[in-house]
Number of protein chains: 2
Amino acid sequence: MDVRTICLGILSRGDATGYEIKKLFDDDGYQHFVEASFGSIYPALSRLTQEGLVSVRSEIQEKRPDRKVYSITEAGRKAFLGSLLKPLPEDRHRSPFVFAMLFSHLIPHPRVVEMLDTYIEQSETKLAQLMEPKPQPLPEGERFVTGFGRAVYIAMVNYLRQYRAELKGDAAEAAE
Amino acid sequence: MDVRTICLGILSRGDATGYEIKKLFDDDGYQHFVEASFGSIYPALSRLTQEGLVSVRSEIQEKRPDRKVYSITEAGRKAFLGSLLKPLPEDRHRSPFVFAMLFSHLIPHPRVVEMLDTYIEQSETKLAQLMEPKPQPLPEGERFVTGFGRAVYIAMVNYLRQYRAELKGDAAEAAE
DNA sequence: ACCCATCTATATTGGTCCGATATAGATCGG
DNA sequence: CCGATCTATATCGGACCAATATAGATGGGT
């Protein structure tokens, strides 16, 4: 799912600036499955504008650079729908933490514990965000995605906490 | 975690060609958390060689292009260890499926069902691979990662199957 | 016995995307 | 009142991927 399609999707829910598009995914709990950087969003919006899939209006502000508000066009909606009907690219999950843990036998024990604790904390933060009550009624799509995220992060946190607890046991035994 | 570090990590377990490095992650059940393409692996290996972090020997084969077998050097091991001690980059999980489901209200119902079924099947395949018995004894790192993968995919499949079942109910009711 | 598909193996290229950085006024808590 | 953070847009180098090219080996099917 390229950044162009992501932008079209968000704009299909309402007008937004490039900044707002980024923020939506950073703050709204979907960032665990979709993200994009400014360095890809701004060029994508320019190209979409050239192609007529979105339109821009510059809200001129005094003493501020113009706010460029993007709207999706009819052609844009069709293009977005089209890409939802095509076979979807596969998920891609890259986890430096998991990769590093493959080599835990090479890493000093305190550092392994630190890595685990850091990752557990990050995961718990994300889970807490996903558990926040959402404004009702929630659109069906968001209900599904929130539930999915919760299920995945709960499983992750459970496994990590259990592993961490066993590690603690090991350390205590070693210290005796 | 950049491709250079990934290559160093794999080579720390034993010599390999670029092709074998790619295959290790495609086949061995870790591809759900780490992957890299040929287009990044081969350049990475060249650069690592230039920098003296790995060495190459060309096994000359009759009637075949040379097999370039890479070995990690002492400097390479140190560099790898160093990158495991630095703060790890955050996970990145991009799921076109999850993104598409956010817009399920725009998508014809049969297509939503198809998307779900495809994703469920893919997830079950990956889970089945993770459930395969591994050769014992398993290094601690791999034991952790396999367990982690299993926990995550089991949670995913459970949630997806339940959601799919509810959907089936909806369809039946609608058909009445 | 033969053919086709798949596998092993290396490599390149175009294009996408990210991370860092630059700029600059607004807003807000201490 | 000052520094930190926020809003907002933009660019650039570099990392990375998908597709493609090449070419001999291997193995299953008929």
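We use all heavy atoms of the structure for the numbers below, so side chains are in, but hydrogens, waters and symmetry mates are not.
Qualifying side chain to side chain contact (heavy atoms under 4.5 Å, CB included) partners for B:Q162, counting only residues two or more places apart in sequence or in other chains: B:E166. With sequence neighbours excluded, the residues that form a side chain to side chain contact (heavy atoms under 4.5 Å, CB included) with A:E124 are A:I120, A:V157, A:R161. In this structure A:Y163 satisfies the ring-ring contact (aromatic ring centres under 6.0 Å, His included) test together with B:F144, sequence neighbours excluded. Scanning for salt bridge (charged side-chain N to carboxylate O under 4.0 Å, His left out) contacts around B:D117 gives B:R164, with sequence neighbours left out. Remark: B:Y70 pairs with no residue by the ring-ring contact (aromatic ring centres under 6.0 Å, His included) rule, at least two apart or across chains.
For the side chain to side chain donor-acceptor pair (under 3.5 Å) condition, the pairs that include at least one residue of residues 8-18 of chain B, sequence neighbours left out, are B:R13-B:E142, B:D15-B:R57, B:D15-B:S71. Applying the side chain to side chain donor-acceptor pair (under 3.5 Å) definition to pairs two or more places apart or across chains, none involves residues 150-159 of chain A.
The hydrophobic cluster containing B:F38 also includes B:Y19, B:Y42, under a criterion of side-chain heavy atoms closer than 4.5 Å among ILVMFWY residues, counted directly or through chains of members. When hydrophobic residues (I, L, V, M, F, W, Y) are linked wherever their side-chain heavy atoms come within less than 4.5 Å, A:L138 remains an isolated member.
Classified by interplanar angle (parallel below 30°, tilted 30° to 60°, perpendicular above 60°), the ring pair B:F33/A:H93 is perpendicular.
For DNA chain C, none of the residues of residues 77-92 of chain A falls under the heavy-atom distance limit of 4.0 Å. Within residues 1-12 of chain B, the residues having any heavy atom under 4.0 Å from DNA chain D are, by residue number, B:D2, B:V3.
Residue order along DNA chain C, read from the 5' end via each residue's closest nucleotide, puts B:Y19 first among B:Y19 and A:I41.
From one end of the helix from C:dA1-D:dT30 to C:dG30-D:dC1 to the other, with five pairs defining each end axis, the axis direction shifts by 50° (rounded to 10°).
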